[in-house]
Trainee: 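One structure is given below, represented as structure tokens, and several questions about it will come after.
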Amino acid sequence: MRLTELLAQKPVLLADGATGTNLFEMGLMSGDPPEMWNLDHPDRIHALHQSFVDAGADIILTNSFGGNRRRLVLHKLDGRVKELNAAAARNARQVADGAGRPVVVAGSVGPTGDLFQPLGPLTEDEAVEIFVEQIEGLKEGGADVIWIETMSAAEEMRAAAKAAVKAGMPYTVTASFDTAGKTMMGIPPSAMPEVAGGVDPNPVAVGANCGVGASDLLVSVLSMTEANPEAVVIAKANAGIPQFHGDHIHYSGTPELMANYARLAIDAGARIIGGCCGTSPAHLAAMRQAIDGHVRAERPDAAKVIAEIGPLVAPPKAGGGEEVRRRRRH
């Protein structure tokens, strides 16, 4: 499997940057399904993937984050799940195959947006079926690995993992720790190395993506690598903090900040490092240079992360309730 082979060859891999926020810059309108661009504007999707490959990415994610039946029904596209996901994978595969070096195509699989019983309507069997449908499309289009991301509930992570196994695909799992140091459903980062417990085979890698800021994500990574120093851990942080400028969301992180984040992520034990919301090709190029030039240093603590990257946006709290809400990666 290409991801495992690359992990054996390189100490650290660079994953790509944002999909949604970069597509908005390319003309995607708020509320429109980005998955339709796989068919309507494949040239723009190719251009985004190519920009990340040119910046040095070892892994590119397909434009399929919301490509499950429960998401697509909102746009009356639930009958086109396999078609849209296969197109997403083919678009990425075409760019990866033309890179002149190994580039992994990771099939992005985001949450359904529904809560599991007893809090909501979704059962595990239904969720597995929903994810299998999407994953089979990604597999058909040529994805190397399934990239389960921005998750918050253990039940949904396990359902997606079971679906990947059922479809015969290797997989990774990342969660978003955006609620007082935990996911919105209360999962701490230290639980991630065992999040797919009971699913065979285990994920190739686990980690954190999105969330509320690079500092918070790095602290989550520290917790994971402390819980299991042998785990292959993914760090895919937003480019700084989201700030609203009128109707536009701007992310505060500069290329220099994201380069520093990449160096700290290496020191924290991450093996796969990328960017999420707001991460442009320019950010990623700076991260590539930082990774290539970095000699692993002493493991940081939270204080060093805060001193170099900035304060935590959602620091862990003693007690208090968890807000249950739906989210989507931007």
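Computed from heavy atoms alone, side chains included, the values below leave out hydrogens, waters and symmetry copies.
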Trainee: Ignoring hydrogens and geometry, is there a side-chain-to-backbone donor-acceptor pair from K182 to I187 under 3.5 Å?
Mentor: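 Pair absent, no side-chain N/O of K182 close to backbone of I187.
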Trainee: Can you sort out the partners of D78 under salt bridge (charged side-chain N to carboxylate O under 4.0 Å, His left out), two or more places apart, ordered by chain and number?
Mentor: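 By the salt bridge (charged side-chain N to carboxylate O under 4.0 Å, His left out) rule, D78 matches R69.
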Trainee: Mind checking what makes salt bridge (charged side-chain N to carboxylate O under 4.0 Å, His left out) contact with E126, not counting sequence neighbours?
Mentor: none
Trainee: When the side chains of residues 47-57 are checked against the rest of the protein, which donor-acceptor pairs come out under 3.5 Å, sequence neighbours left out?
Mentor:
residue : atom : partner : partner atom : Å
Q50     : NE2  : D54     : OD1          : 2.9
S51     : OG   : L48     : O            : 2.6

Trainee: Identify, with sequence neighbours excluded, every residue that meets ring pair (Phe, Tyr, Trp, His ring centres under 6.0 Å) alongside H41.
Mentor: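 Checked H41 against ring pair (Phe, Tyr, Trp, His ring centres under 6.0 Å); matches are W37.
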Trainee: Verify, without hydrogens or angle tests, whether T225 (side chain) and A268 (backbone) share a donor-acceptor contact under 3.5 angstrom.
Mentor: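 Confirmed, T225 side chain pairs with A268 backbone.
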Trainee: Decide yes or no for H283 and Y251: does some side-chain heavy atom of the first lie under 4.5 Å from some side-chain heavy atom of the second?
Mentor: no
Trainee: Scan V232, L3, I272 and name whichever one has a side-chain contact (heavy atoms from CB on, under 4.5 Å) with T172.
Mentor: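 Among the candidates, only L3 passes.
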Trainee: Are any side-chain N or O atoms of T279 and backbone N or O atoms of G17, one a donor and one an acceptor, separated by less than 3.5 Å?
Mentor: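 No.
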Trainee: Under a 4.0 Å N-O cut-off, is there an ion pair linking R80 with E83?
Mentor: yes
Trainee: Check whether any side-chain heavy atom of N228 lies under 4.5 Å from a side-chain heavy atom of E194, and answer yes or no.
Mentor: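 The answer is yes, as the side chains (C-beta and beyond) meet within the 4.5 Å cut-off.
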Trainee: Would you confirm whether Y171, through its side chain, and P201, through its main-chain N or O, come within 3.5 Å as a donor-acceptor pair?
Mentor: yes
Trainee: Please tabulate, one pair per line, all N/O donor-acceptor pairs under 3.5 Å involving side-chain atoms of residues 84-93, not counting sequence neighbours.
Mentor:
residue : atom : partner : partner atom : Å
N85     : OD1  : Q134    : NE2          : 3.2
N85     : ND2  : G67     : O            : 2.9
N85     : ND2  : V81     : O            : 2.8
N91     : OD1  : H46     : NE2          : 3.1
N91     : ND2  : N38     : O            : 3.2
N91     : ND2  : A87     : O            : 3.2
R93     : NE   : D97     : OD1          : 3.0
R93     : NE   : D97     : OD2          : 3.4
R93     : NH1  : G142    : O            : 2.8
R93     : NH1  : D144    : OD1          : 3.1
R93     : NH1  : D144    : OD2          : 3.0
R93     : NH2  : D97     : OD1          : 3.2

Trainee: Under the rule for salt bridge (charged side-chain N to carboxylate O under 4.0 Å, His left out), what residues qualify as partners of K162, not counting sequence neighbours?
Mentor: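 Result, salt bridge (charged side-chain N to carboxylate O under 4.0 Å, His left out) vs K162: E124.
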Trainee: Are side-chain N/O atoms of H75 and D32 paired as donor and acceptor at under 3.5 Å?
Mentor: no
Trainee: Are F177 and M224 close enough that some pair of their side-chain heavy atoms sits under 4.5 Å apart?
Mentor: yes
Trainee: Does some side-chain heavy atom of K236 sit less than 4.5 Å from a side-chain heavy atom of I273?
Mentor: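 Answer no - side chains too far apart.
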Trainee: I'd like to check the side chain to side chain contact (heavy atoms under 4.5 Å, CB included) partners of A163; sequence neighbours left out, ordered by chain and number.
Mentor: V128, F131, V132, I135
Trainee: Between S64 and E35, does a side chain to side chain donor-acceptor pair (under 3.5 Å) hold up when you go through it step by step?
Mentor: CA-CA 6 Å; S64 56; E35 292 77 19; over 6 Å; no
Trainee: Please collect all salt bridge (Lys or Arg N to Asp or Glu O under 4.0 Å) contacts where either partner lies in residues 200-219, sequence neighbours excluded, each pair once.
Mentor: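 Of all non-adjacent pairs touching residues 200-219, none passes salt bridge (Lys or Arg N to Asp or Glu O under 4.0 Å).
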Trainee: Could you tell me whether the side chains of N63 and T19 share a donor-acceptor contact shorter than 3.5 Å?
Mentor: no
Trainee: Run the side chain to side chain contact (heavy atoms under 4.5 Å, CB included) test against A106 and tell me which residues pass, sequence neighbours left out.
Mentor: I59, L61, V145, W147
Trainee: Are P170 and I146 close enough that some pair of their side-chain heavy atoms sits under 4.5 Å apart?
Mentor: no
Trainee: Do N68 and E133 have side chains that approach each other closer than 4.5 Å (heavy atoms only, starting at C-beta)?
Mentor: no
Trainee: Tell me, please, which residues at least two apart from E136 pass salt bridge (charged side-chain N to carboxylate O under 4.0 Å, His left out).
Mentor: K82
Trainee: I want to check something: taking the side chain as every heavy atom from C-beta on, are E226 and R299 in contact at a cut-off of under 4.5 Å?
Mentor: yes
Trainee: If you look only at pairs with a residue in residues 270-298, which of them pass as a salt bridge (Lys or Arg N to Asp or Glu O under 4.0 Å), with sequence neighbours excluded?
Mentor: D58-R288, R288-D292
Trainee: With side chains defined as the heavy atoms from C-beta onward, is the minimum distance between V219 and L312 less than 4.5 Å?
Mentor: yes
Trainee: Tell me yes or no: between the side chains of T112 and E156, is some donor less than 3.5 Å from an acceptor?
Mentor: yes
Trainee: Just list the side-chain donor-acceptor pairs under 3.5 Å for residues 301-311, sequence neighbours left out, or say none.
Mentor:
residue : atom : partner : partner atom : Å
D301    : OD1  : A303    : N            : 3.3
D301    : OD1  : K304    : N            : 2.9
E308    : OE1  : N260    : ND2          : 3.4

